[in-house]
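A short worksheet on the structure shown next.
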Amino acid sequence: MNKKEILEKFSADPQRYYNVNLFEDQGFERKSCNECGRFFWTLDSERVNCPDHSDDTYSFIGDPPTSKRFDYTQSWKEVESFFVKNNHTSINRYPVVCRWRDDLYFTIASIVDFQRVMGSKVVFEFPANPLVVPQTCLRFKDLENVGVTGRHFSSFCMIGQHSIPNENGYWKDECVDLDFNLLTQQFGIAKKEITFVEDVWEGGGSFGSSLEYFVRGLELGNAVFTEFQGDLSNYKTLDQRIIDMGAGLERFAWITMGTPTAYDCCFGPITQKLIQKTGIDTDSSVLVPYFTEIAKNLELYDDLSQVRKNAIKTTGLSDEQINRIITPLEGIYLIIDHIRTLIFAISDGALPSNVGGGYNLRIMLRRIVSTMDRLKLKFDLDEIIDIQIDYLKNTYPELEKTREDVKEIISIETGRYDSSKQRMQKIVSKLDKEPKVEDLITLYESDGVTPEYLKEMKVISEIPSTFYAKLSDLHQSKKQKEQVNLPLEGVPDTELLFYGDDPREFDAKVLKSFENFVILDKTAFYARGGGQEPDHGSIGGQEIIDITKHGNVVVHEIKGNVPKEGDTVSCTVDSKRRDGITKNHTSTHIINTSARSVLGSWVWQHSAFKEEDHARLDITHHSALTNDDVKKIEDAANSIIEKSIPVKIENFDRGTAEQKYGFRIYQGGVVPVKSVRIVSIGNLDIEACGGTHVVNTSDIEQIKITKTKRIQDGVVRIEFVSGDSAKEFVKKKQQDSESKEKEEKVKEQEKEKRIEQRQLTKERIPVIAKSLLECKQGAITVDDITMELADSGKANFCYSTSNNYDDVFHIGLGEALCNEDPKLVYCGLFEQGEKIRVIVYAGEDISKEKSAGEIVKSISQILGGAGGGSPKFAQGGGIDKSKKEDAIKNAKSMIIE
RNA sequence: GGGCCGAUGGCUUAGGGGUAUAGCGCCACGUUCGCAACGUGGAUGUCGAGGGUUCGAUUCCCUCUCGGUCCA
């Protein structure tokens, strides 16, 4: 079943699917487009083509079809007041970070606000009926078009008009009536200008007809009537029919203003300000035809550069005009658009990063910076943010609160881009040949150099088609989580005692048992979930290994034999473990709120893990934590403990909880149930959470952060301990620092000793050397060092076998003596622990025939070891101390012979 | 979780199985009325921690810690 088939079927029966009271009352005609055959409804008897193929397409540019002039802010005020007047509730926008859906990073349509996924089903939850919402939506598909086409945005405001047909809401007739009246009455557009085009919508197993409404070729909105489920040959009406009318607020503003592009009337004063700053001459006789032509051509070509080329050709703009006016304008539009999107995304808690949705934000920021570089525009991003928020807060007052946070994140990210460019440049400059696919992967994985950058730098001409395939192969070998399928059909939900009295000992009936698994009618054992580790304890005297939850059934895995089905067993929860985990769980909430208050509004829980004696919380944050950050977070957490704040647990209907507390409650992820359990610590922290918690923060006694680590871009891990574990940790740390202090003292003493020793050696060497050199013939011994002089012309020999000297002494003395006597060979042997070492120094002249290295080799061999070195200096050693005298004799014979 | 890189006087760093480099800074002396500058000389290092291989490890191998960086 595809859209085309549905449309064919529906359009074949317009009376049933498309005709509404409005068309009857006003006398709309149904026509088929001469060009494409599409069916549309119009009051204009002369109109023969659908809006996509009409002559008046985009003729509102420079000539709007109404006398009213509404900018972006005013347009919403008009829309809102119209719908409120007509019994709609106006609700605040939902966050652009779509935390209530696992399958979306960002809110992409107003209807998403009210969709909740439960298992494989999407259910709708409306806080009011009917309602209207100015929903900011983020879409990154057409980034290339932003700034160029005049109407594409990376984020836009979708006017969401939603209704469920019941005693409060309405269905097609009233919906189309309202939309028609909105355009004609509130916006002053002539009735003849409005065209409704037949279309259909299909998704998520349901489908329905829809009417798109156009004015002068511009699609303003689309009213979707979600009505059926099944397939085309056999479908039935849904229990819950829904009207999903989505309209683009930016387009409403544009059609009244008739500016060359939608960008000119939707960003407030910033656009003019930047244009003035850049000194672009925005001659409307150039811009109006150019952007009208762009808008028309957009439907004709797939390739954007082709659209642009053609528009330039048709309007006859010169290269000079393009370079001086059009190109810089496109850059300004892009920058403003991207910053507006970043303002919303960062305000709602998203961070630019290299993963998931954060990557889109990073890409946008980099586009902003590189556009400024390319066009040599010097804008102050902070100023742009300020002016935009000043304007946006008319519609979205909440943006004021995060103004400074947005600036901070953008400035950090800009700095990061600069240094990453430098780093990439450095790495790229070292490349000596064109990298192969394998090299590209290494460059990307270990150095973060993207192939896009290499292409930009002209290092490679094209990104190899196999690049992304090979990259994903590399990461696909990771093991997949094993899915265990247990025979649980027909087993009733387990009653969870830990949400009630939470007994630590209880009797329960065995509903089912197989292999090592036991299912009870009720349990006080907490099953693994929400980052909280399972309880330990025993069932019928058998130790529990693991507890997991399958749907609403708790499955206990035990060691040993399982009890018989139907038996009643006595169960005991390991209290000490549970208490430790419970303290850590509440501590996680405390650390989370503390981190947010210390670091900034962008801090959200990323994931968490709670064990008996330690826990960790991963939060979203842009940088690694400093020691100062850690201390502040710890102090904030402990002050919450000191304040003895009661921990309150209440159950709410999900929609009520969201309206009452906002989307901050979804710290731990999406809650797939209708009723949510809200855990609140005063008004400091309010989260939807299924875990076990202490009654009062004072029960935790103490929190100690043990370690923090940046585990991925934009995520910091905080490891901590609480309660007794925290006390133990503090005690141990105290002991550690004491023993470290002692160790350092010993080190210091050793160092002093060493220096003293060295000093002594240094003083003694010249004295001893002088005495030895006084010997003019024969032999003398000074302080266990023997000097033997040979006949003139032959090598002199000086040696010592005393253990009173170390290597530093021998090296020093050898050097001193040989400098004075170039015919001298100095040979020092000394014992060092279990080993014996040899140091040989040879004077300048003698080293040419008697190499120190050779002598050492020979001596060391006798000593049962090895050695070597240069002709003038060598060292070696061995293990056989008893050969010491043999060794020195050998040396003597080698030198003197 | 994984990959890569790094840790050498106060700082920046070279090197690489056999006496540990250099620059800046520091100290002393000289030149100078003095400072800067210059010249000469000097001090400062268990080469991140622990283990292994070796006669000998800062260097090679293993483990760990810390830091950086990239990927998921």
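Protein chains get the first letters and strands the later ones, always in sequence-line order, with residue 1 at the start of each.
- Taking atom CG of A:Asp807 as the reference point, atom C1' of B:rA20 lies 14 Å away to the nearest angstrom.
- Look at CD1 on A:Ile839: it is 12 Å from C1' on B:rC55, rounded to the nearest Å.
- Rounded to a whole angstrom, the distance from the C1' atom of B:rC62 to that of B:rG68 is 23 Å.
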Exercise. Apply the test ring pair (Phe, Tyr, Trp, His ring centres under 6.0 Å) to residues A:His810 and A:Phe830: give CA-CA distance (whole Å), side-chain angles for both, the deciding distance (0.1 Å), then the verdict.
Key: CA-CA 9 Å; A:His810 286 299; A:Phe830 62 99; 5.2 Å; yes
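- Here the C1' atom of nucleotide B:rG56 and the CD1 atom of A:Ile879 are 13 Å apart, to the nearest Å.
- When the C1' atom is used for both B:rA57 and B:rA49, the distance is 15 Å, rounded to whole Å.
- Identified under the ring pair (Phe, Tyr, Trp, His ring centres under 6.0 Å) test for residues 873-897 of chain A, with sequence neighbours left out: A:Tyr841-A:Phe873.
- Distances were taken from every side-chain heavy atom of A:Arg717 (C-beta onward) to each of B:rU19, B:rG1, B:rG56; the shortest belongs to B:rG1.
- The gap from the C1' atom of B:rU21 to that of B:rG45 amounts to 12 Å, rounded to the nearest Å.
- Along RNA chain B, the nucleotide nearest to A:Phe873 and the one nearest to A:Arg616 differ in position, and the one closer to the 5' end is contacted by A:Arg616.
- Here the separation of B:rU59 from B:rA7, taken at their C1' atoms, is 14 Å to the nearest Å.
- B:rG56 atom P lies 17 Å from atom CD1 of A:Ile859, rounded to whole Å.
- The same atom, P, is picked in B:rG25 and in B:rA36; the two are 11 Å apart, to the nearest Å.
- The side-chain tip of A:Arg596 does not point at the ring of A:Trp602 from less than 6.0 angstrom away and within 45° of straight on.
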Self-check item: Step-by-step ring pair (Phe, Tyr, Trp, His ring centres under 6.0 Å) determination, A:Trp100 to A:Tyr666
Solution: CA-CA 7 Å; A:Trp100 57 96; A:Tyr666 295 134; 7.8 Å; no
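- To the nearest angstrom, C1' of B:rC55 lies 12 Å from CD of A:Gln861.
- Taking a cutoff of 4.0 Å between a charged side-chain nitrogen and a carboxylate oxygen, A:Asp783 and A:Arg764 qualify as a salt bridge.
- Salt-bridge formation is detected for the pair A:Lys884/A:Glu831: a Lys NZ or Arg NE/NH1/NH2 atom is positioned less than 4.0 Å from an Asp or Glu carboxylate oxygen.
- As rounded to whole Å, 14 Å separates atom C1' of B:rG56 from atom CG of A:Leu829.
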For residues 853-863 of chain A, run the donor-acceptor check on the side chains, cut-off 3.5 Å, and write out each pair with its distance to 0.1 Å, sequence neighbours left out.
from: A:Ser858; atom 1: OG; to: A:Asn890; atom 2: OD1; distance (Å): 2.8
from: A:Ser860; atom 1: OG; to: A:Val856; atom 2: O; distance (Å): 2.8
from: A:Ser860; atom 1: OG; to: A:Gly877; atom 2: N; distance (Å): 3.3

Quiz prompt | Canonical and wobble pairing (Watson-Crick, G-U, under 3.5 Å) of RNA chain B, dot-bracket with | | solution = (((((((..(((.....[...))).(((((.......))))).....(((((..]....)))))))))))).
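- Note: CD (A:Glu834) to C1' (B:rG56) measures 16 Å, nearest angstrom.
- When each of A:Gly868 and A:Ser860 is assigned the nucleotide of RNA chain B bearing its nearest heavy atom, the one mapping closer to the 5' terminus is A:Gly868.
- The gap from the P atom of B:rU46 to that of B:rU63 amounts to 26 Å, rounded to the nearest Å.
- Here the separation of B:rC60 from B:rG18, taken at their P atoms, is 11 Å to the nearest Å.
- Atom CD in A:Glu815 sits about 11 Å away from atom P in B:rU19, given to the nearest Å.
- Distance check on atom P: B:rG6 versus B:rA43 gives 32 Å, rounded to whole Å.
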Quiz prompt | Trace of the side chain to side chain donor-acceptor pair (under 3.5 Å) decision for A:Ser607 with A:Asp618 | solution = CA-CA 5 Å; A:Ser607 57; A:Asp618 297 345; 3.0 Å; yes
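- Residue contacts shown for A:Ala874 are absent, as no nucleic acid heavy atom lies under 4.0 Å away.
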